[in-house]
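Written out below as structure tokens is the structure these notes cover.
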Amino acid sequence: MKTLFLGGSKSGKSNLAEKLALQISEQKKCDIYYIATMRAQDEEDKNRIATHQKNRIGKNFITVEWDGKTAFPALPKQSVILLDSCTALFTNLCFDFFEGEWNFFCGAGESTILLLQKILNRFCNVIFVSDYIFSSCFANGANFSSVQNGLSANTVIPATKKDFTADWAFLYAKVLRFLSENCDTVVEVQNGIPLVKKGAYAFPKDFFSPPSPKKWTLIFGGIAQGKTEFAKKQFSISQDEIFVCTRFSPPDFSAKCFSHLEEYVYFCTKENVPLKTDFPQGTIFIATNIQCGIVPQDPFERLWREETGRYLQALAKCSSVVRVFCGIAEVIF
């Protein structure tokens, strides 16, 4: 089985991918090779890698570091391959440091697809993990033509010449569409919850966490999708019963409903205050999904995004979870 897990920052995609790999390994009685693709560029990257390594202790993964610049390791064909992440692999090929500066390689998309095709052809059980980064608005829209307008795949441009964020996203979108087409199962992960978008695989209800009583309701979605209006109608509450969180002060915890929960996470992260996890039965949370865009350049913005993902995962385990998309509510857990 070939499976692709997609999700935003700290959505729980890696955890679910690891669980599936362990499940397949037990069924097939074979080894699991964890293909770690991230190249550490700074202390933040090193800490991130160390956290992933710590989380894998005792799980019987055989870790292989591979950045895509060398031939893929000669591993047994009957193995389970877990590649985490495709995003880092593509980035390794997209940017490289030579002749004294960082350069952007326009052929990185094609190169990544060729590597992934070889992996798909060689192994029967492959699990790919990828960030979903396409819920962003690009400030450099005028420069979006670099790749779209037909630059040769062999073109190399000094990365200091322009902002390549949009070009990077355009090329990586092609990689993900390739994987989606060629994998048997495609799973979107939201707040730790697996949502199968392609394939017939049915995840058990307790696959991502032990069964817990649903004490609360978590409503999430993009900006201006109708989350608050849904909450008002569904639970017969007024605007006065909804506390709107801000990044400047703690909420009034006597409220029945909290909107813009991500702003509460911002406040706690900034002030180094623990996030509250003991709410009364029936509490309603409304959150904007900020985890599915381009990784912010600002270190605190990255930390805030990750802490929001972790917090929503924790709340989701004890909540009825509703996703609102263009005013349409979908109960996903």
Side-chain angles (χ1 to χ4, degrees), residues 5-17 19-20 132 135 186-197 201-245 250-266 268 274-292 305-333:
F5 283 92
L6 293 157
S9 175
K10 296 299 172 282
S11 61
K13 56 188 181 295
S14 292
N15 181 50
L16 290 177
K19 282 192 172 185
L20 181 60
Y132 187 83
S135 297
V186 178
V187 184
E188 178 190 11
V189 183
Q190 289 284 355
N191 303 324
I193 302 166
L195 306 172
V196 179
K197 298 299 182 181
Y201 187 82
F203 288 92
K205 288 189 176 181
D206 60 349
F207 184 81
F208 73 101
S209 66
S212 301
K214 295 184 179 182
K215 300 184 292 184
W216 313 310
T217 299
L218 171 61
I219 302 166
F220 76 99
I223 295 172
Q225 295 298 296
K227 303 181 294 294
T228 301
E229 291 307 311
F230 167 77
K232 289 179 180 179
K233 184 177 180 179
Q234 182 71 17
F235 298 99
S236 300
I237 56 176
S238 67
Q239 186 62 48
D240 290 340
E241 296 176 274
I242 301 174
F243 185 90
V244 181
C245 300
D252 174 3
F253 289 116
S254 67
K256 180 179 181 180
C257 177
F258 301 89
S259 72
H260 290 286
L261 199 65
E262 71 283 353
E263 295 297 315
Y264 167 56
V265 179
Y266 188 105
C268 290
L275 288 155
K276 182 178 174 66
T277 55
D278 55 336
F279 291 91
Q281 182 89 20
T283 301
I284 304 161
F285 308 106
I286 305 173
T288 301
N289 188 348
I290 64 168
Q291 302 97 265
C292 291
R305 193 171 80 146
E306 293 184 356
E307 289 301 318
T308 299
R310 292 189 183 98
Y311 190 49
L312 295 186
Q313 276 196 70
L315 294 179
K317 291 178 181 179
C318 298
S319 300
S320 174
V321 183
V322 182
R323 182 185 199 177
V324 180
F325 178 78
C326 292
I328 302 168
E330 175 190 11
V331 178
I332 65 172
F333 180 68

Donor on one side chain, acceptor on other, [X] and [Y], under 3.5 Å:
{"X": "Lys10", "Y": "Gln291", "result": "no"}
{"X": "Asp240", "Y": "Ser238", "result": "no"}
{"X": "Asn289", "Y": "Gln225", "result": "no"}

Among [options], find the one that has a side-chain contact (heavy atoms from CB on, under 4.5 Å) with [X].
{"X": "Glu263", "options": "Cys268, Cys245, Pro251", "answer": "Cys245"}
{"X": "Thr228", "options": "Ile237, Val244, Ile286, Ile219", "answer": "Ile286"}
{"X": "Leu218", "options": "Ile332, Asn191, Val322, Thr283", "answer": "Asn191"}

Identify the two heavy atoms, one from [X] and one from [Y], that lie closest to each other, and give their separation to 0.1 Å.
{"X": "Phe243", "Y": "Ala255", "value": "CB-CB, 3.7 Å"}
{"X": "Arg305", "Y": "Ile290", "value": "CD-O, 3.2 Å"}
{"X": "Ser11", "Y": "Val189", "value": "O-CG1, 3.2 Å"}
{"X": "Phe220", "Y": "Gln190", "value": "CE1-OE1, 3.3 Å"}

*Is it true that a side-chain atom of Lys13 and a backbone atom of Gly8 form a donor plus acceptor pair closer than 3.5 Å?*
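Yes; at least one donor-acceptor contact below 3.5 Å.
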*Using a cut-off of 6.0 Å, state whether more than 12 heavy atoms not belonging to Lys233 lie near its atom NZ.*
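For Lys233, atom NZ is not crowded (no more than 12 foreign heavy atoms under 6.0 Å).
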*Near Phe325 CZ, under 6.0 Å, is it more than 12 heavy atoms from other residues, nucleotides or ligands?*
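Counting neighbours around CZ of Phe325, 12 or fewer heavy atoms of other residues, nucleotides or ligands fall under 6.0 Å, so no.
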*Do Lys276's NZ or CZ and the ring of Phe253 fall within the cation-pi criteria of under 6.0 Å and 45°?*
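Judged by the rule (NZ or CZ under 6.0 Å from the ring centre, within 45° of its axis), Lys276 counts as positioned above Phe253.
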_Phe279/Phe285 aromatic ring centres below 6.0 Å_ =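 Aromatic pair counts; centres sit under 6.0 Å.
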*Which side chain to side chain donor-acceptor pair (under 3.5 Å) pairs, counting each pair once, include a residue from residues 322-333, with sequence neighbours left out?*
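Those involving residues 322-333 are Glu188-Arg323.
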